[in-house]
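Owing to the predicted nature of the structure, the values given are computational and were not obtained by experimental measurement. Chain A is the first sequence line, chain B the second, and so forth, proteins listed ahead of strands; every chain is numbered from 1.
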Amino acid sequence: AQSVTQLDSHVSVSEGTPVLLRCNYSSSYSPSLFWYVQHPNKGLQLLLKYTSAATLVKGINGFEAEFKKSETSFHLTKPSAHMSDAAEYFCVVSEWLSGSARQLTFGSGTQLTVLP
Amino acid sequence: KAGVTQTPRYLIKTRGQQVTLSCSPISGHRSVSWYQQTPGQGLQFLFEYFSETQRNKGNFPGRFSGRQFSNSRSEMNVSTLELGDSALYLCASSLTGATDEQYFGPGTRLTVT
């Protein structure tokens with residue numbers, strides 16, 4: 001069975017400083033991994049995805065994530081935080097079940113606060 | 001290209017009633033998934049439909065059901081509403097539902113009183 005653990009429920013950074021949101025996963029097979037962002041009263045927006053190609057994945061708005069199989073981690077980073085980055089971030093693992101069925105498991109989310 | 005649309009955006013129902021929520025996927029997308037989001041349980045997978053067939057189902061009671069039409073539009077129905085069903089219900093569409101990224105709608109906020 002697969003699972004996702006977001007290690008911090010809240011992260012607070014100052015504008016212009018780096019962002020690190022941590023995610024560990026557990027999966028029986030080679031998973032696909034995603035990061036989504038959710039702004040208040042909005043749906044989720046895909047930031048980036050990993051599907052067994054390059055281990056360093058670049059996403060939108062300057063975010064990137066590195067897949068580390070040995071550490072079963074997929075941490076999200078950004079060199080310089082912007083006020084507009086304040087939102088909730090979800091790490092997601094997608095794993096094939098039998099046949100064509102796929103199971104998505106969401107982490108519990110990390111609320112990012114950006115201080116002026 | 002228009003995004004995923006969900007109707008209605010807000011809904012207030014009474015315990016015991018039933019409700020139907022609608023989702024129109026992005027044009028060309030054949031997979032539609034539904035999720036329930038609550039502060040306590042987070043985001044939980046309800047079910048996925050692909051080409052009018054339910055392909056996968058999460059761990060929810062039978063009161064939660066869905067269907068998909070030939071134009072890929074999907075509906076989910078909750079019968080005999082309980083207070084605990086109050087949540088944001090999110091719909092997401094993707095091309096084939098494989099490892100494709102999912103595109104989420106804005107959600108339907110259901111409040112059960």
Side-chain angles (χ1 to χ4, degrees), chain A residues 1-6 8-10 23 25 27 29-53 57-60 63 65 67 74 87-111, chain B residues 2-7 9-10 21 23-26 29-60 87-111:
Chain A
Q2 60 188 21
S3 66
V4 180
T5 302
Q6 291 185 241
D8 307 291
S9 58
H10 291 87
C23 172
Y25 71 92
S27 177
Y29 304 100
S30 296
S32 293
L33 294 159
F34 306 81
W35 275 98
Y36 282 86
V37 61
Q38 186 178 32
H39 288 93
N41 300 314
K42 297 283 181 66
L44 279 72
Q45 180 185 19
L46 178 70
L47 281 177
L48 49 80
K49 69 173 182 177
Y50 166 78
T51 54
S52 75
V57 183
K58 293 190 184 298
I60 62 171
F63 285 94
F67 173 73
F74 190 58
E88 188 154 26
Y89 292 79
F90 293 92
C91 181
V92 183
V93 60
S94 171
E95 186 178 49
W96 282 106
L97 301 176
S98 60
S100 59
R102 168 190 60 131
Q103 179 74 52
L104 281 189
T105 302
F106 285 76
S108 55
T110 298
Q111 183 67 47
Chain B
V4 178
T5 58
Q6 292 186 246
T7 57
R9 291 292 312 278
Y10 302 90
L21 312 181
C23 171
S24 293
I26 290 173
H29 285 192
R30 296 169 63 189
S31 169
V32 173
S33 297
W34 288 89
Y35 300 88
Q36 182 196 65
Q37 186 176 27
T38 60
Q41 299 297 318
L43 267 155
Q44 293 183 286
F45 171 74
L46 278 157
F47 27 66
E48 180 200 4
Y49 285 87
F50 181 81
S51 293
E52 302 178 65
T53 301
Q54 187 181 88
R55 191 157 67 172
N56 196 9
K57 190 177 192 306
N59 189 26
F60 278 81
L88 180 66
Y89 289 89
L90 292 165
C91 161
S93 77
S94 63
L95 275 171
T96 65
T99 53
D100 295 338
E101 54 262 44
Q102 297 195 56
Y103 294 84
F104 283 80
T108 294
R109 174 74 63 185
L110 172 64
T111 302

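Here the shortest heavy-atom pairing between Leu43(B) and Phe106(A) reads CD1-CD2, 3.5 Å. For the pair Tyr35(B) and Leu104(A), the tightest heavy-atom approach, listed with the atom from each and the gap, is OH-CD1, 2.8 Å.
Contact of Gln44(B) with chain A is not made at all, since no heavy-atom distance falls under 4.5 Å. Contacts of Leu46(A) with chain B are made by side-chain atoms alone, with heavy-atom separations under 4.5 Å and no backbone atom involved. At a 4.5 Å heavy-atom cutoff, the contact between Gln38(A) and chain B is made by side-chain atoms alone.
A 6.0 Å sphere centred on NZ of Lys58(A) holds no more than 12 heavy atoms belonging to other residues, nucleotides or ligands.
The CG atom of Leu47(A) lies 12.0 Å from the CD atom of Glu101(B); values are rounded to the nearest 0.5 Å.
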